[in-house]
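Structure first, then comments.
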Amino acid sequence: MKRRLFLLSGTAAMVATKLHATEGTFEITRTEAQWRAQLSEIEYLVMREEKTERAGSSPLDKETRDGIYACRGCDLPLYDASTKYDSGTGWPSFYKSLSNAVRTKDDNTFFSKRTEVHCRRCGSHLGHIFDDGPKPTGKRHCLNGVSLSFQIAQM
């Protein structure tokens with residue numbers, strides 16, 4: 001009984017103390033009410049509470065045009081379409097972000113260690129980075145499409 005209580009207490013503490021990417025100092029800050037007014041419910045859950053959209057639900061996963069993927073929260077350019085590839089996961093995937101566009105932090109939820117990626121300007125949660133991507137980086141930035149807006153390249 002004591003062992004079970006100890007394990008449950010430890011799990012509860014990990015969940016209770018999880019820091020969101022949105023907690024910190026960023027160039028662009030908004031109140032919860034302002035974020036909720038700007039974002040749809042799923043956008044808010046993903047970008048501000050670090051949830052994940054359903055795989056295959058974003059039309060950006062199949063987007064193939066030249067352009068820039070920007071943060072839906074603040075319009076900061078994050079990824080060039082030339083670094084996008086079809087990872088087969090159902091989420092838009094890139095092997096590299098633009099310079100000084102994103103920040104990362106450890107995500108130790110659900111008993112696994114992952115790297116979370118978020119917008120460096122407003123703190124919005126974008127997705128996770130994995131070490132199973134293509135060359136030249138070997139990284140897979142697996143992103144929630146609702147966190148992104150796509151801007152077609154101007155010719």
Side-chain angles (χ1 to χ4, degrees), residues 15 17-155:
V15 172
T17 60
K18 181 182 186 300
L19 292 177
H20 291 276
T22 57
E23 296 170 353
T25 304
F26 299 99
E27 291 172 42
I28 294 179
T29 58
R30 295 183 176 95
T31 66
E32 179 182 350
Q34 289 170 322
W35 280 115
R36 285 189 179 277
Q38 177 182 336
L39 305 172
S40 70
E41 182 64 20
I42 186 64
E43 290 166 350
Y44 183 85
L45 289 172
V46 170
M47 296 169 61
R48 308 315 299 167
E49 295 189 3
E50 301 177 358
K51 305 299 182 196
T52 301
E53 70 185 355
R54 186 174 40 85
S57 64
S58 174
L60 292 182
D61 183 39
K62 301 299 183 198
E63 179 61 64
T64 59
R65 295 174 289 179
D66 289 340
I68 296 292
Y69 292 82
C71 175
R72 183 171 300 281
C74 70
D75 294 324
L76 179 71
L78 302 172
Y79 294 88
D80 189 288
S82 66
T83 65
K84 186 175 186 282
Y85 70 100
D86 184 1
S87 65
T89 61
W91 288 283
S93 298
F94 303 81
Y95 61 81
K96 183 175 95 173
S97 65
L98 294 172
S99 179
N100 196 32
V102 301
R103 297 288 181 263
T104 62
K105 73 175 185 93
D106 289 341
D107 177 358
N108 298 314
T109 57
F110 301 111
F111 304 104
S112 65
K113 182 176 165 89
R114 302 181 298 177
T115 301
E116 180 183 304
V117 61
H118 58 92
C119 174
R120 68 112 179 124
R121 185 160 65 180
C122 72
S124 290
H125 171 74
L126 304 172
H128 291 86
I129 301 175
F130 301 95
D131 292 324
D132 60 1
K135 292 181 181 182
T137 65
K139 301 292 184 185
R140 173 172 50 99
H141 294 232
C142 189
L143 307 182
N144 293 284
V146 297
S147 297
L148 305 171
S149 63
F150 178 66
Q151 302 161 358
I152 298 171
Q154 301 298 318
M155 301 208 158

Looking only at atom types and distance, does a side-chain atom of Asn144 sit under 3.5 Å from a main-chain N or O of Leu126, one as donor and one as acceptor? yes

Under a 3.5 Å distance rule, please check whether Asp80 uses its side chain to pair with a backbone N or O of Ser82 as donor and acceptor. yes

Measure across Arg65 and Ala81 and return the closest heavy-atom pair with its distance rounded to 0.1 Å. O-CB, 3.4 Å

Is the side chain of Arg72 donor-acceptor paired with the backbone N or O of Ser124 at a distance under 3.5 Å, no angle test? no

Nearest heavy-atom contact between Tyr44 and Arg36 is CE2-NH2, 3.1 Å

Keeping the roles fixed (side chain from Arg140, backbone from Ser93), state whether a donor-acceptor pair exists under 3.5 Å. no

Just to verify, which of Tyr79, Phe94, Tyr69, Tyr85 counts as forming a ring-ring contact (aromatic ring centres under 6.0 Å, His included) with His141? Tyr79

Would you confirm whether Glu53, through its side chain, and Gly145, through its main-chain N or O, come within 3.5 Å as a donor-acceptor pair? yes

Minimum side-chain heavy-atom gap Phe150-Pro59 below 4.5 Å: no

Quick one: sort the His128 and His125 rings into parallel, tilted or perpendicular, breaks at 30° and 60°. perpendicular

Would the distance check show the side chain of Thr137 and the main-chain N or O of Tyr95 forming a donor-acceptor pair, the cut-off being under 3.5 Å? yes

All heavy atoms of Lys84 vs all of Asp61, minimum pair found to be NZ-O, 2.9 Å

Ignoring hydrogens and geometry, is there a side-chain-to-backbone donor-acceptor pair from Glu63 to Leu60 under 3.5 Å? no

Where do Val46 and Thr52 come nearest, in terms of heavy atoms and distance? CG2-C, 4.1 Å

